[in-house]
There are 2 protein chains.
Amino acid sequence: MVNKSALVYDDLMQKIDGEVYKLGTYLPSENQLCELYGISRETGRKALAALAENGYIQKIRGKGSLVIEHRQYEFPVSGIVSYKELAQKLHITTKNVVYDYEPNGTLPVAAFASLGVDLTEAPVTVIKRVRVIDDEPDIIDKDYILKTVVPEVPKRAAEDSLYAYFEDELELEIGYATKEITMEPANAEDRQQLHLDDGAYMAVVRSVTSLTDARAFQFTESRHRADKFRFRDFARRQHNPL
Amino acid sequence: MVNKSALVYDDLMQKIDGEVYKLGTYLPSENQLCELYGISRETGRKALAALAENGYIQKIRGKGSLVIEHRQYEFPVSGIVSYKELAQKLHITTKNVVYDYEPNGTLPVAAFASLGVDLTEAPVTVIKRVRVIDDEPDIIDKDYILKTVVPEVPKRAAEDSLYAYFEDELELEIGYATKEITMEPANAEDRQQLHLDDGAYMAVVRSVTSLTDARAFQFTESRHRADKFRFRDFARRQHNPL
DNA sequence: AATATAAACTTGTTTAGACAAGTTGTCAAA
DNA sequence: TTTGACAACTTGTCTAAACAAGTTTATATT
């Protein structure tokens with residue numbers, strides 16, 4: 001038996017996406033959710049809080065839970081979703097070309113210094129991939145995976161989906177990621193892999209991904225063609241009541 | 001009397017920032033928090049859930065709440081914080097030059113179409129500002145504020161802080177924002193205001209801000225010098241248990 | 001010494017209930 | 001007609017309790 005509030009969350013989310021509950025209308029009230037799903041009020045409230053946090057609804061006291069404009073899944077996406085999951089959701093045809101694979105590399109620590117990484121000489125598996133969308137190479141992903149956590153990453157996992165390998169095969173639980181977006185001039189490798197001219201700019205997303213036990217294990221540098229890059233974010237205002 | 005869980009959240013957050021609870025150590029257990037603050041367990045858990053959501057801690061079942069690396073406040077920041085709040089937190093000396101102010105403008109809807117805006121010919125107050133950091137103009141902010149929600153925005157509010165005017169004077173409750181980051185070539189206005197060369201690139205952040213009653217009221221286009229732009233984001237992995 | 005068990009901790013989930021506070025509509029009084 | 005009070009809804013906050021499940025430590029057994 002799984003988590004009731006997660007089931008309610010998923011059901012409501014799908015019904016919002018499927019326009020059973022339309023934009024600008026209210027979800028059933030909390031007491032109605034109790035009857036609909038056979039749950040207690042606090043359980044329903046957890047599902048509603050998660051929907052609000054992820055930008056599906058706005059809770060209004062005295063009125064209800066209003067369905068609001070939700071545009072999370074555009075490409076590339078905020079949050080922490082695997083490339084393969086994303087491509088499926090968006091019905092995009094992509095290709096994934098592994099152009100470098102080093103089972104015994106070392107982590108380029110300097111690149112991740114600003115994310116608070118203080119490792120030195122860490123042994124990693126290096127995977128470099130080009131993402132091809134509509135027959136056009138748009139993104140370079142360079143992944144460095146700590147061998148102390150994942151001793152080996154088979155090449156087929158790199159060609160399919162790293163996340164599926166980590167979560168489904170190794171049963172690692174991915175917890176959170178910190179990412180940083182900057183803009184940098186294209187380097188020789190960018191120009192070669194993505195067929196770019198001199199003077200081109202890149203959107204560079206560097207991220208550190210950690211497991212639920214807080215061990216950082218994956219370091220990614222994702223380099224996007226500037227003209228194809230789009231990042232979307234939903235955020236709530238923090239009201240400090242002090 | 002205010003919100004107990006928010007008080008606990010703020011207290012724990014400050015103690016994490018002040019290294020009373022150091023990185024890599026565990027917060028007091030939930031039962032200890034109950035005694036420390038004189039609260040019930042669920043109240044403490046709400047504070048902990050918010051700390052986890054914002055990247056201060058990682059909860060580990062059976063063990064406790066681990067303090068993790070937290071680097072939210074770099075410039076410019078993720079989430080939805082006013083420029084003035086940010087500058088104070090970071091001890092940055094900034095100047096804020098209003099170079100255009102139109103009390104009777106219209107919203108340039110095309111610019112915000114990808115954020116799901118479907119208004120037409122909406123009357124707005126237009127405010128264009130240059131943010132000067134260390135005597136260098138780095139950012140252009142163009143704000144369009146709906147007159148249907150905020151009939152007039154005094155020029156002094158633009159020179160000080162729009163958020164302070166909205167929240168403290170008008171007592172509007174700001175709820176959430178959707179923002180989108182793209183990279184675009186600098187236009188003539190960029191080059192003039194920020195003293196840039198031909199061929200320069202800009203990081204453009206377009207956002208729509210809504211009140212807690214879900215009325216969108218502020219549309220902002222924020223244009224950053226590419227070499228000074230840095231965006232940081234913390235995200236948790238969504239585990240769909242279906 | 002190594003192993004298995006149990007107890008005592010930890011967080012995770014759910015419930016039922018109480019009261020506060022914002023919104024809306026009804027109905028009676030002015 | 002307008003106003004005001006009230007009832008019936010809504011969400012917001014907090015409590016006390018129970019049980020599940022993961023971690024650690026101590027203890028007893030082999």
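The sequence lines fix the lettering, A, B, ..., with proteins before strands; numbering per chain opens at 1.
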Under the salt bridge (Lys or Arg N to Asp or Glu O under 4.0 Å) test, which residues partner B:Asp213, sequence neighbours left out?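 Expected list: B:Arg215.
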Does [X] make a side-chain N or O approach to OP1 or OP2 of [N] shorter than 4.0 Å?
{"X": "A:Thr43", "N": "C:dT15", "result": "yes"}
{"X": "A:Asn3", "N": "C:dT14", "result": "yes"}
{"X": "A:Lys46", "N": "C:dT14", "result": "no"}
{"X": "A:Ser29", "N": "D:dT10", "result": "yes"}

Could you please name the option among [options] that lies closest to any side-chain atom of [X]?
{"X": "B:Lys4", "options": "D:dG12, D:dT15, C:dT14", "answer": "D:dT15"}
{"X": "B:Glu42", "options": "D:dT11, D:dA16, C:dT11", "answer": "D:dA16"}
{"X": "B:Arg41", "options": "D:dA18, D:dG12, C:dT14", "answer": "D:dA18"}
{"X": "A:Lys59", "options": "C:dT11, C:dT14, D:dT11", "answer": "D:dT11"}

Taking side chain as C-beta onward, heavy atoms only, is A:Val205 less than 4.5 Å from A:Phe231?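 Of all side-chain heavy-atom pairs linking A:Phe231 with A:Val205, none is under 4.5 Å.
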Would you say the side chain of A:Gln32 and the base of D:dC9 hold a donor-acceptor pair, judged only by whether the two atoms sit under 3.5 Å apart?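 Answer no: no donor N or O sits under 3.5 Å from an acceptor.
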Does B:Arg45 or A:Ser40 map to a spot on DNA chain C nearer the 5' end, using the closest nucleotide for each?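 Looking at DNA chain C, the more 5' nearest nucleotide goes with B:Arg45.
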Separation of B:Asp213 atom CG from C:dA21 atom P, in whole Å?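 For the pair B:Asp213 CG and C:dA21 P, the rounded distance is 21 Å.
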Please list each protein N or O that sits under 3.5 Å from an N or O in nucleotides 4-8 of chain D, with the distance.
none

